[in-house]
Amino acid sequence: MRRLLVTGGAGFIGSNFVRMVLSEHPDCLVVNLDKLTYAGNLENLTEFMSHKNHRFVHGDICDGPLVTRLLDEYRIEAIVNFAAESHVDRSITGPKIFIDSNVGGTLTLLEAARDMKVERFLQVSTDEVYGSLGSEGMFTERTPLSPNSPYSASKASADHFVQAFGRTWGLPYNITRCSNNYGPYQFPEKLIPLMIHNAIHDKELPVYGDGLYVRDWLYVYDHCTAIWCVLRNAPPGEVYNIGGCNEKPNLEVIRLILRHVGKPETLIRHVKDRPGHDRRYAIDASKIMRELGWKPSVTFEEGIAKTIDWYLANDQWLAHVVSGDYQNYYRTMYANR
Ligand code: NAD
Ligand code: TYD
């Protein structure tokens, strides 16, 4: 499949995916549909904006006529749907937009894909749809969906719609459910870039609750290669977990960042916990490894070192992102913690 509609391609993972496809697969055309919300940033793709195989379209995945026109005009073979509101804390302060973009937007794409007979619909989902784990066990593709946050509830709902379109209208789909990503171009509302940014600027590092919440980290490039692998090789109707077996408590990640940038642990400040905070995520990715031969390219230690060095080297990118609205966001989100 060479003619792709990538949605949310100006965000963190989407822009890494667009960069990978344009750099490594010169036979592919990427039509990149993005609404440019606070999280969408064309500076993530500066050197690719005039690439001959890249067409950027500023628009909303909820706009059915626009989506249908793009599928028709570019004879799109596959849709890769990254577009979403993606931050749990924002979903707690304002869940409505999560229904609009994550559920309504996905439904709009599904209807257009069905009507235009798109050959594959790849829904980029998350391990958070499975809910929270205790100290034992891992999520497999057969774990029942049990989302806890408005964000994960909206992503689980979208997954159900994708599967319903497969069952009801025979839409050829795949769903990927990946663990927490980190790497270049991540918006500094998420744990790792927020802590890197604060540490560089000698600001306090706000650790929710006891800091012993566990996330299973994957370097963003490895998520992108996994999606590519599914797009190229997976049979329709299959769901794949994606992860690299890198479970870490938040405090361990934060201490590692502080050591890497040479800042003291006294910057750590325990703050009020997130309501409904999922204790632990851990993903069993043996299906995609066994059936499609995918594996991650870097260890967590290599990936996090590359990531911190990238943020240090790209201080202009970070400075632009945290100017303006970000300051208001930070003040409001962290004021009462
Ligand atoms: P992000 O917030 O960095 O980027 C989201 C992008 O989608 C932005 O460019 C935004 O402008 C765009 N967008 C939002 N609503 C839109 C709409 N209605 N129409 C068009 N574009 C819209 O998110 P991310 O971290 O890159 O996540 C991308 C996808 O991967 C999401 O679907 C998310 O649920 C999923 N995911 C993320 C992670 C993670 O750790 N970040 C892990 C697993 C899965
Ligand atoms: P986050 O990056 O928001 O991803 P998610 O909630 O989708 O897993 O948060 C990762 C973990 O870090 C989560 O346990 C919440 C915690 N966290 C903090 O302790 N402080 C913070 O300022 C942020 C943003 C997150």
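Whatever order the structure lists them in is the order used to number ligands and atoms, beginning at 1. Heads up: numbering here begins at 1 and tracks the sequence.
- Annotation: side chain of His54 is in contact with side chain of Leu45 (closest heavy-atom distance under 4.5 Å).
- Within the 4.0 Å heavy-atom criterion, neither part of Arg177 lies near ligand 1.
- With a 6.0 Å cutoff to the six-membered ring centre and a 45° limit on the axis angle, Arg274 does not count as a cation-pi contact of Tyr213.
- Atoms of ligand 1 found under 4.0 Å from any heavy atom of Gly59 (numbered from 1 in listed order, with element): 19 (N), 20 (C).
- When each atom of ligand 1 is checked for a heavy atom of Ser125 under 4.0 Å away, the hits are 43 (C), 44 (C).
- For Phe139 and Tyr130, the ring centers are positioned less than 6.0 Å apart.
- Protein heavy atom in closest approach to atom 43 (C) of ligand 1: Cys178 O, 3.4 Å.
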(request) Please step through side-chain hydrogen bond (donor to acceptor under 3.5 Å, both in side chains) for the pair Tyr185 and Glu43, ending with a clear verdict. (result) CA-CA 9 Å; Tyr185 302 104; Glu43 284 186 46; over 6 Å; no
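- Among protein heavy atoms, atom 4 (O) of ligand 1 sits closest to Gly11 CA, 3.4 Å.
- Between Phe12 and ligand 1, at least one N/O pair is under 3.5 Å apart.
- Using a 4.0 Å cutoff on heavy atoms, Ser15 does not count as a contact of ligand 1.
- Between the side chains of Trp317 and Asn44, at least one donor-acceptor pair of N or O atoms lies under 3.5 Å.
- Of all the heavy atoms of Tyr151, the ones lying under 4.0 Å from any atom of ligand 1 belong exclusively to the side chain.
- Residue contacts with ligand 1 include Ala10, since one of its heavy atoms falls under 4.0 Å from the ligand.
- Contact annotation for Thr7 and ligand 1: no heavy atom of the residue comes within less than 4.0 Å of the ligand.
- At least one N/O-N/O distance between Ile13 and ligand 1 falls below 3.5 Å.
- Residue contacts with ligand 1: Thr37 is placed with a nitrogen or oxygen under 3.5 Å of a nitrogen or oxygen of the ligand (distance criterion only).
- No donor-acceptor contact under 3.5 angstrom links the side chains of Asp284 and Thr140, judged on distance only.
- Interface of Leu36 with ligand 1, defined as ligand atoms under 4.0 Å from a residue heavy atom, comprises 11 (O).
- Scanning all protein heavy atoms for the shortest distance to atom 28 (C) of ligand 1 gives Phe82 O, 3.4 Å.
- In this structure, the protein non-hydrogen atom closest to atom 14 (C) of ligand 1 is Ala84 O, 3.5 Å.
- Heavy atoms of Phe187 come nearer than 4.0 angstrom to ligand 1 in no pair at all.
- Cation-pi geometry between Arg3 and Tyr74 is not satisfied (NZ or CZ under 6.0 Å from the ring centre, within 45° of the ring normal).
- You'll find the side chain of Tyr173 stays beyond 4.5 Å of the side chain of Arg120, heavy atoms only.
- Every atom of ligand 1 is numbered from 1 in the order shown, and the set under 4.0 Å from a heavy atom of Asn180 is 40 (O).
- Ligand 1 has a nitrogen or oxygen under 3.5 angstrom from a nitrogen or oxygen of Ile61.
- Below 3.5 Å of separation, one finds an N or O of Ser101 facing an N or O of ligand 1.
- Residue, atom and distance of the protein heavy atom nearest to atom 9 (O) of ligand 1 are Asp34 OD2, 2.6 Å.
- One hydrophobic cluster holds both Phe12 and Val21 under the rule that ILVMFWY side chains link at heavy-atom gaps under 4.5 Å.
- Here is the list of ligand 1 atoms found below 4.0 Å of a heavy atom in Val124: 30 (O), 32 (O).
- A donor-acceptor contact closer than 3.5 angstrom links the side chains of Asp278 and Tyr281.
- Every atom of ligand 1 is numbered from 1 in the order shown, and the set under 4.0 Å from a heavy atom of Ser179 is 42 (C), 43 (C).
- Taking the ring centre of Tyr208 as origin, the terminal cationic atom of Arg337 falls inside the region bounded by 6.0 Å and 45° from the ring axis.
- Summarising the contacts of atom 32 (O) of ligand 1 with Glu128, His87, Lys155, Lys35, the nearest heavy atom is found in Lys155.
- Remark: the Gln123 side chain and the Asn81 side chain contain an N/O donor-acceptor pair separated by less than 3.5 Å.
- Checked by atom type, the side-chain pair Ser154/Asn102 shows a donor-acceptor distance below 3.5 Å.
- Considering only non-hydrogen atoms, atom 17 (C) of ligand 1 lies nearest to Asp60 out of Asn16, Val57, Asp60.
- Looking at Asn181 next to ligand 1, an N or O pair under 3.5 Å apart turns up.
- Side-chain atoms of Tyr329 and His87 form a donor-acceptor pair, as typed in the model, at a separation below 3.5 Å.
- Note that Lys203 lies in the cation-pi zone of Tyr330, set by a 6.0 Å cut-off to the ring centre and a 45° limit from the axis.
- Using modelled atom types, one finds a donor on one side chain and an acceptor on the other under 3.5 Å when comparing His260 with Asp309.
- Side-chain contact of Ser297 with Asp222: a donor-acceptor pair under 3.5 Å is present, judged by distance alone.
- Between Glu189 and ligand 1, a contact under 3.5 Å exists for no N or O pair.
- No side-chain donor-acceptor contact under 3.5 Å links Asn250 to the backbone of Leu212.
- Look at Gly9 and you'll find every heavy atom at least 4.0 Å from all atoms of ligand 1.
- Looking at Trp294 and Thr225, their side chains do bring a donor and an acceptor atom within 3.5 Å of each other.
- Closest to atom 23 (O) of ligand 1, if we only count protein heavy atoms, is Ser86 OG, 3.2 Å.
- Checked by distance only, ligand 1 and Leu33 stay at 3.5 Å or farther apart across all their nitrogen or oxygen atoms.
- Taking a cutoff of 4.0 Å between a charged side-chain nitrogen and a carboxylate oxygen, Glu47 and Arg19 qualify as a salt bridge.
- Residues with a heavy atom under 4.0 Å from ligand 2: His87, Val88, Glu128, Asn180, Glu189, Lys190, Leu191, Leu194, Met195, Pro206, Val207, Tyr208, Tyr213, Arg215, Asn250, Arg274, His277, Tyr281, Tyr334.
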